[in-house]
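All ligand and atom numbering here is 1-based and tracks the order in the structure.
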Amino acid sequence: MIINPSLLSCDFLNLEKSVKEAADSGAEMLHADVMDGVYVPNISFGFDIIGKIVSVCPVPVDVHMMTVAPWKYLDELKAAGAYSVTIHSDVGDVCARRDALSRIRTLGMRAAVALKPAFPAEAVADVIDLCDTVLVMTVEPGFGGQKFKEDMIPKMREVRRVAERAGVDISVQVDGGVNVNNIGLCAAAGVDNFVVGTAFFSAEDKKERYESLRAAAEKGASREARD
Ligand code: DX5
Ligand code: ZN
């Protein structure tokens, strides 16, 4: 189980401090959102900043590419030290997505595909054999601080079924509006990697927030085990 704070909600005037504080809280991974202003209406930061983050971060950095052509920057992401790279299920055509995911793996990074709320679990079936992780978005990508879409919960189980059918073992990640009140629902639906932006960085005491997120996720996961 991985609690994965999203740096989009951190204090950018104190980036190094934010990164260290998040990792020191116990977080097993940090999430970095790259936005190009085309795939989503917002622009965030690129691989130079990711390199700086990695240089002071003791845990793996997970890069979420909300860009129309993520394959253009894979060498740069590798050089920056990214641990994993997520591309969206609706960028380019299936050949471009398969090439990108294979290349991410060839470069030694973990490969993931993300589903916007409008896309069903089946939309990853044509690339699932090349994925280590599937990300189920619970908000429209582009901005932190949005409301968690509860109707995405069944999809979390469905993506695991798509993977099982293909004979692959994946991690299931959730991203968007995750907080202490809904993280258990995600865990009960089989999610093992929880991206948390606002609900993590808004806390005065990050360690305490990490611990309450983790406790709620573990409680949810034990519900899943009983089901
Ligand atoms: C949204 C990003 C998220 C965002 C999550 O498009 O992909 O990673 O930072 O932030 P919260 O948890 O505030 O929704
Ligand atoms: Zn994200």
Side-chain angles (χ1 to χ4, degrees), residues 2-12 15 18-19 22 25 27-47 49-50 53 57 59-68 70 73 77 82-91 104 109-119 131-153 155-156 159 171-187 191-203 206 209-210 212-214 216-217:
I2 288 174
I3 307 289
N4 190 354
S6 174
L7 291 165
L8 196 64
S9 307
C10 83
D11 174 6
F12 282 101
L15 184 54
S18 296
V19 166
S25 77
E28 292 82 4
M29 185 177 273
L30 294 193
H31 184 82
D33 289 300
V34 176
M35 303 180 185
D36 65 356
V38 181
Y39 183 72
V40 288
N42 198 4
I43 295 178
S44 56
F45 48 78
F47 35 80
I49 302 290
I50 290 172
I53 292 168
C57 186
V59 295
V61 175
D62 169 41
V63 179
H64 179 186
M65 295 294 283
M66 285 164 274
T67 69
V68 285
Y73 310 107
L77 289 171
Y83 171 77
S84 47
V85 178
T86 303
I87 66 168
H88 270 263
S89 73
D90 59 332
V91 294
I104 291 167
M109 299 180 287
R110 310 259 292 172
V113 71
L115 287 165
K116 288 204 276 205
F119 291 88
C131 292
D132 299 295
T133 299
V134 174
L135 163 57
V136 176
M137 295 287 314
T138 39
V139 297
E140 288 301 334
F143 300 92
Q146 302 180 74
K147 190 174 177 308
F148 179 85
K149 289 178 183 285
E150 277 204 20
D151 54 338
M152 294 296 111
I153 290 173
K155 204 195 289 185
M156 298 167 192
V159 291
S171 163
V172 179
Q173 186 179 63
V174 63
D175 183 9
V178 177
N179 60 34
V180 176
N181 300 320
N182 57 36
I183 195 167
L185 299 172
C186 303
V191 172
D192 56 270
N193 185 319
F194 308 88
V195 177
V196 190
T198 310
F200 179 83
F201 282 103
S202 63
K206 308 282 187 293
R209 183 59 52 89
Y210 166 84
S212 45
L213 286 161
R214 184 160 198 102

Should one rank Gly197, Ser6, Gly177 by closest heavy-atom distance to atom 14 (O) of ligand 1, which comes out on top? Gly177
Using modelled atom types only, decide if a donor and an acceptor are shared between the side chain of Ser44 and the backbone of Asp33 within a distance under 3.5 Å. yes
One finds that the ligand 1 atoms under 4.0 Å from a non-hydrogen atom of Gly176 are 14 (O)
Atom 1 (C) of ligand 1: nearest protein contact (heavy atom, Å): Phe143 O, 3.6 Å
Is a donor from one side chain sitting under 3.5 angstrom from an acceptor on the other, for Asp192 and Ser171? yes
Looking only at N, O or S atoms in His31, which is nearest to the Zn ion (ligand 2)? NE2
Residue Asp175 atom name (nearest to the Zn ion (ligand 2); N/O/S): OD2
Thr198 to Gly144 - nearest heavy-atom pair and separation: OG1-C, 4.1 Å
Exercise: identify the closest heavy-atom pair between Ile2 and Met29: CG2-CB, 3.7 Å
Taking only heavy atoms of Gly144, which atoms of ligand 1 are found under 4.0 Å from at least one of them? 10 (O), 13 (O)
Is there at least one pair of N or O atoms, one from Leu8 and one from ligand 1, spaced under 3.5 Å apart? no
Between Lys147 and Val139 the two heavy atoms that sit nearest each other are O-CG1, 3.5 Å
If you measure only the distance, is there a donor-acceptor pair under 3.5 Å linking the side chains of His64 and Asp62? no
Does any N or O atom in Val196 lie less than 3.5 angstrom from one in ligand 1, N or O only? no
N, O or S atom within His64 nearest to the Zn ion (ligand 2), by name: ND1
Tyr73 side chain near Met65 side chain, heavy-atom distance below 4.5 Å: yes
Is Gly145 close to ligand 1, meaning an N/O of one under 3.5 Å from an N/O of the other? yes
Quick one: look up the protein heavy atom nearest atom 5 (C) of ligand 1 and list residue, atom name and how far away it is. Asp175 OD1, 3.4 Å
Can you measure from CZ (Phe45) to CG (Leu15) and round to the nearest 0.5 angstrom? 8.0 Å
Of all the atoms in ligand 1, which lie at a distance below 4.0 Å from a heavy atom belonging to Pro141? 6 (O)
For Phe200 versus Arg209, what's the shortest heavy-atom pair and its separation? CA-CG, 4.1 Å
Side-chain heavy-atom pair Leu185, Met156 within 4.5 angstrom cut-off: no
Going by distance alone, is a donor N or O of one side chain under 3.5 Å from an acceptor N or O of the other, for Asp175 and Ser6? no
Is it true that Gly142 lies under 4.0 Å from ligand 1, counting heavy atoms only? yes
All heavy atoms of Thr86 vs all of Val113, minimum pair found to be CG2-C, 4.0 Å
Checking a contact table here: which protein heavy atom is nearest atom 13 (O) of ligand 1, and how many Å away? Thr198 OG1, 2.5 Å
Numbered atoms of ligand 1 (with element) below 4.0 Å of Met66, judged on heavy atoms: 6 (O), 7 (O)
Please name the atom of Asp33, restricted to N, O or S, that is closest to the Zn ion (ligand 2). OD1
His64 heavy atoms within 4.0 Å reach ligand 1 at atoms 7 (O)
Counting from 1 in the order shown, the ligand 1 atoms closer than 4.0 Å to a non-hydrogen atom of His31 are 8 (O)
Just distances here: any N/O of Gln146 and N/O of ligand 1 closer than 3.5 Å? no
Closer than 4.0 angstrom: is that true for some heavy atom of Phe200 and an atom of ligand 1? no
